[in-house]
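Here's the structure, in structure tokens; my notes come after.
Throughout, protein chains are lettered first and strands after them, A, B, ... in sequence-line order, and every chain is numbered starting at 1.
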Amino acid sequence: MFFYTRYPSSNTLKTYFPDVKFNRCITSQLIKWFSNFREFFYIQMERFARQAVREGVMGGGEAELRLRRDSELYRILNLHYNKSNDYHVPDRFVEISELALREFFTAIQAGRDADPCWKKSIYKIICKLDSPVPDSFRLPGCPTDTHSTG
DNA sequence: AATTTTCCTG
DNA sequence: CAGGAAAATT
């Protein structure tokens, strides 16, 4: 589900778990999940962006900073959010991830990472890129299963 | 004040 | 992922 929306409201999230009775604890836990998801996402983004800066994607062209489905970063993200490859990761997510990576990259290149809250501008950009979650996720057979072994 | 997000840690 | 503290947002 994170593939589609990075900043879902708690109320929106609840609609995807019809069989769960929500109290404040469960709700905060659910929010915590996405918080963790976001963190992992941004951490990887910053990590790879910094790596790209270090290795010097210079040479005059920034076109090398691409995120493809065969990229290591994609592999890590998919491994984290889609452990058993149950879902097809939408092109939208790949595009957004690449954009986020570019944003981090340019920010770091420009030295904007020295500012205390330089990530906030990036967060706002990513926040606007949320897409609607397909109805498929409301199906019983498609739980956001994070650790089921079978 | 309550909810939500972020930073840090395990 | 989960628990907690602090900060940010409403």
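For DNA chain B, the neighbouring residues in residues 19-32 of chain A, judged by any heavy atom under 4.0 Å, are A:Arg24, A:Ile31, A:Lys32. Residues from residues 3-12 of chain A that place a heavy atom under 4.0 Å from any atom of DNA chain B, listed by number: A:Tyr7, A:Ser10.
Applying the side-chain contact (heavy atoms from CB on, under 4.5 Å) criterion to A:Ser35, with sequence neighbours excluded, gives A:Arg38. In this view, A:Asn85 and A:Asn78, A:Asn82 satisfy the side-chain contact (heavy atoms from CB on, under 4.5 Å) rule, not counting sequence neighbours. Take A:Arg47 and apply the side-chain contact (heavy atoms from CB on, under 4.5 Å) test, not counting sequence neighbours, and it matches A:Gln44. Listed by chain and number, the residues in a side-chain contact (heavy atoms from CB on, under 4.5 Å) with A:Ala100 are A:Phe41, A:Met45, A:Ile126 (sequence neighbours excluded). In this view, A:Asp91 and A:Arg69 satisfy the salt bridge (charged side-chain N to carboxylate O under 4.0 Å, His left out) rule, not counting sequence neighbours. Scanning for salt bridge (charged side-chain N to carboxylate O under 4.0 Å, His left out) contacts around A:Glu103 gives an empty result, with sequence neighbours left out. Listed by chain and residue number, A:Arg75 satisfy the side chain to side chain donor-acceptor pair (under 3.5 Å) test with A:Glu72 (two or more places apart in sequence, or in another chain).
Rounded to an integer number of Å, the gap from A:Trp33 CH2 to C:dA2 P is 6 Å. Atom CG in A:Asn36 sits roughly 14 Å away from atom P in C:dG4 (whole-Å rounding). Taking atom CD on A:Glu39 and atom C1' on C:dA7, their separation rounds to 14 Å, with Å as the unit.
Among the atoms of the strands shown, only primed sugar atoms or phosphate atoms (P, OP1, OP2) are found under 4.0 Å from some heavy atom of A:Tyr123.
Counting 5' to 3', DNA chain B first comes under 4.0 angstrom of a heavy atom of chain A and last does so at the ends given by B:dT3 to B:dC8.
Between A:Phe37 and A:Phe40, the ring centre distance reaches or exceeds 6.0 Å.
Residue pairs satisfying the side-chain hydrogen bond (donor to acceptor under 3.5 Å, both in side chains) criterion with at least one member in residues 114-127 of chain A, sequence neighbours excluded, are listed as follows: A:Glu46-A:Lys119. Among residues at least two apart or in separate chains, there is no side-chain hydrogen bond (donor to acceptor under 3.5 Å, both in side chains) pair with a member in residues 14-30 of chain A.
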